[in-house]
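Reading through the structure tokens given below for one structure.
Please read these numbers as outputs of a predicted model, since none were measured by experiment.
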Amino acid sequence: MPEETKPVMVLGAGAAGLTAALALARNRIPVVLVERESVLGGQAGRWACMATERCEKCSSCLVGDTKAAVLKEAGIRIVTRAALESASRKNGGLRVSIAPVEAAACNGGLPPESSEGEPLAKSVNLNVDALFVATGFEPFPARGKPMLRYGELGAVVTTVDLDAALREDRIGSLAGASDPKLRVAFLQCVGSRDREAGRDYCSQVCCKTSLRMAARLLHEKPEWEITVFYIDLQVMGKGFRSFQRSLEGRVRFVQGVPAEVLEAEGGQAALVFEDPVQGAVRTETFGLVVLAVGMLPGRDTADLAGRLGLPVQKGGFFRKAWGENDSRVYSFGACCAPTDIPGARREAMAAVGRYLAAGRSSRDER
């Protein structure tokens, strides 16, 4: 295969990987898109639309639109249920090996016929011009905070659980949903901002996700009473501060996050917190407590770092790579640091831009 036609491998088909694959293909670069699950979209592809009577700019639709375009793009070969096994420099590019992943580790163990790509049956070796690493993140497992009683009290769920209920139109299945005046509490920074655990970072998306969810719940259940407990609200971004202000009066904001959830009468959850306004410790009961779980590095991050020689930074995420020193490896998106969908897409486009610019420079030198 002539050097100029060698494909680029994109590892991960979430918001960042899909964006990079499509941009490369539209620049006439052949792409091999490798995803360990049976379907494309990653974590962001599972997020529900948060629109009420208007678009709330959650960007989940962008992932679906990009995925649809990738599935139609002839220049992209999609390989599912596969993971990188090795990579080494060869002939000005990379020699990579990808191996099958057990079905149980992919997308809940869906059968091969459910795959949106070409399920890998055996290990394959490929020569590629570059490797784009966009392996994303994992949500913090809330059971890692036992004092919050997730998995013990039915009234305690995570933003991941609530998102699934919204996406599948089953709000009625939530604890206490039959109460026309259900009291709902969102607890921010679960798994993030935790120095003792080595996660002293902000996950960037939790505050915005919680506020959008609060607006969506109030749109469907206007009599519900919602309280957001926070350390500091991360509401920067175009138009989002005004969105947060639009919720004032409908959502109560309390600075300070309760460290423990207690069981109350009727299976409800009791929260003990210091009221910053009254300067007193209070206990309040809620029918539903939503834990805003943060981001962790993807399950393969440490292993991939060793295989690719990519440095890992604080928190266990990859350090961003732009193909420095002709390494031919680019890493970006949520595998490098917590980011939202627009941020992941911007980084993907920046990586593609760097790659294309490096290719033009090489041709100019020749």
Side-chain angles (χ1 to χ4, degrees), residues 7-27 29-47 59-73 75-84 87 94 96 98 101 105-107 115-120 126 128-139 205 295 297-301 303-305 307-308 310 317-318 320-323 328-356:
V8 168
M9 178 171 287
V10 178
L11 204 58
L18 289 171
T19 301
L22 187 60
L24 288 164
R26 287 179 172 174
N27 278 278
I29 307 293
V31 175
V32 178
L33 177 60
V34 178
E35 169 57 47
R36 69 177 295 121
E37 297 195 3
S38 297
V39 297
L40 312 184
Q43 298 291 346
R46 302 184 180 99
W47 292 353
S59 300
S60 64
C61 60
L62 296 178
V63 181
D65 292 346
T66 307
K67 171 179 166 177
V70 164
L71 289 170
K72 293 177 182 177
E73 179 58 57
I76 301 175
R77 176 189 175 190
I78 301 171
V79 180
T80 52
R81 294 172 58 174
L84 184 77
L94 295 168
V96 298
I98 52 176
V101 178
C106 307
N107 198 43
S115 179
E116 292 180 328
E118 169 192 340
L120 197 66
L126 295 169
V128 300
D129 192 55
L131 179 64
F132 278 43
V133 180
T135 47
F137 71 97
E138 299 287 334
V205 301
M295 293 184 176
R299 70 187 97 167
D300 294 336
T301 301
D303 181 60
L304 278 174
R307 293 175 189 269
L308 297 173
L310 282 174
F317 295 89
F318 288 124
K320 200 173 296 182
W322 298 111
R328 304 277 178 169
V329 176
Y330 297 75
S331 58
F332 50 91
C335 68
C336 293
T339 187
D340 57 11
I341 293 171
R345 287 167 57 85
R346 285 193 297 271
E347 290 192 10
M349 294 303 296
V352 171
R354 294 283 189 104
Y355 171 75
L356 295 175

- Task: Provide the closest heavy-atom pair for F132 versus A20 in the form atom of the first, atom of the second, distance.
- Result: CD2-CB, 4.1 Å

- Give the C-alpha distance, both sets of side-chain angles, the deciding distance and a yes or no for side-chain contact (heavy atoms from CB on, under 4.5 Å) between R36 and D300. CA-CA 10 Å; R36 69 177 295 121; D300 294 336; 2.7 Å; yes

- All heavy atoms of P297 vs all of E138, minimum pair found to be O-CG, 3.8 Å

- Item | Exercise: identify the closest heavy-atom pair between A351 and F332 | CB-CD2, 3.6 Å

- Once you round to the nearest 0.5 Å, how far does CZ of F318 lie from CG of L304? 4.5 Å

Show every donor-acceptor pair shorter than 3.5 Å between a side-chain atom in residues 8-16 and any protein atom, with sequence neighbours excluded, or say none if there are none.
none

- Can you name the nearest heavy-atom pair linking L120 to I98, along with the distance? CD2-O, 3.6 Å

- Query: Which residues satisfy the side chain to side chain contact (heavy atoms under 4.5 Å, CB included) test with R307, sequence neighbours excluded?
  - Reply: E85, D303

- I would like to know whether L84 and V133 meet side-chain contact (heavy atoms from CB on, under 4.5 Å); could you show each step before the answer? CA-CA 10 Å; L84 184 77; V133 180; over 6 Å; no

- Query: Is any side-chain heavy atom of L356 closer than 4.5 Å to a side-chain heavy atom of I29?
  - Reply: yes

- Message: If I take atom SG from residue C336 and atom CZ from residue F317, how far apart are they, to the nearest 0.5 angstrom?
- Response: 9.5 Å

- Query: What's the shortest heavy-atom distance between I76 and A25, and which atoms?
  - Reply: CG1-CB, 3.7 Å

- Query: Do side-chain atoms of E37 reach the backbone of V39 as a donor and acceptor pair under 3.5 angstrom?
  - Reply: no

- Given side-chain contact (heavy atoms from CB on, under 4.5 Å), test R26 with V352 step by step and report yes or no. CA-CA 11 Å; R26 287 179 172 174; V352 171; over 6 Å; no

- Pairwise side-chain contact, M349 with T19, heavy-atom cut-off 4.5 Å (strictly under): yes

- Message: Between V128 and V96, is there a side-chain heavy-atom distance shorter than 4.5 Å?
- Response: yes

- Item | Over all atoms of both residues, closest heavy-atom pair of A321 and L310 | CB-CD2, 4.0 Å

- Evaluate the side-chain proximity of L94 to V329: yes if any heavy-atom separation is below 4.5 Å, no if none is. yes

- Item | Atom pair CD (E347) and CH2 (W322), whose distance is rounded to the nearest 0.5 Å | 6.0 Å

- Message: Any non-hydrogen side-chain atom of L18 less than 4.5 Å from a side-chain atom of L33?
- Response: yes

- Task: Look up atom CZ in R328 and atom CG in D129, then write down how far apart they are to the nearest 0.5 Å.
- Result: 4.5 Å

- Message: Within this structure, what is the OG1-CZ distance for the pair T301 and F137, rounded to the nearest 0.5 Å?
- Response: 11.5 Å

Show me, pair by pair, the donor-acceptor contacts under 3.5 angstrom made by side chains of residues 60-71, not counting sequence neighbours?
{"unit_1": "T66", "atom_1": "OG1", "unit_2": "L62", "atom_2": "O", "d": "2.7"}
{"unit_1": "T66", "atom_1": "OG1", "unit_2": "R345", "atom_2": "NH1", "d": "2.9"}
{"unit_1": "K67", "atom_1": "NZ", "unit_2": "L40", "atom_2": "O", "d": "3.3"}
{"unit_1": "K67", "atom_1": "NZ", "unit_2": "E116", "atom_2": "OE1", "d": "3.0"}
{"unit_1": "K67", "atom_1": "NZ", "unit_2": "E116", "atom_2": "OE2", "d": "3.0"}

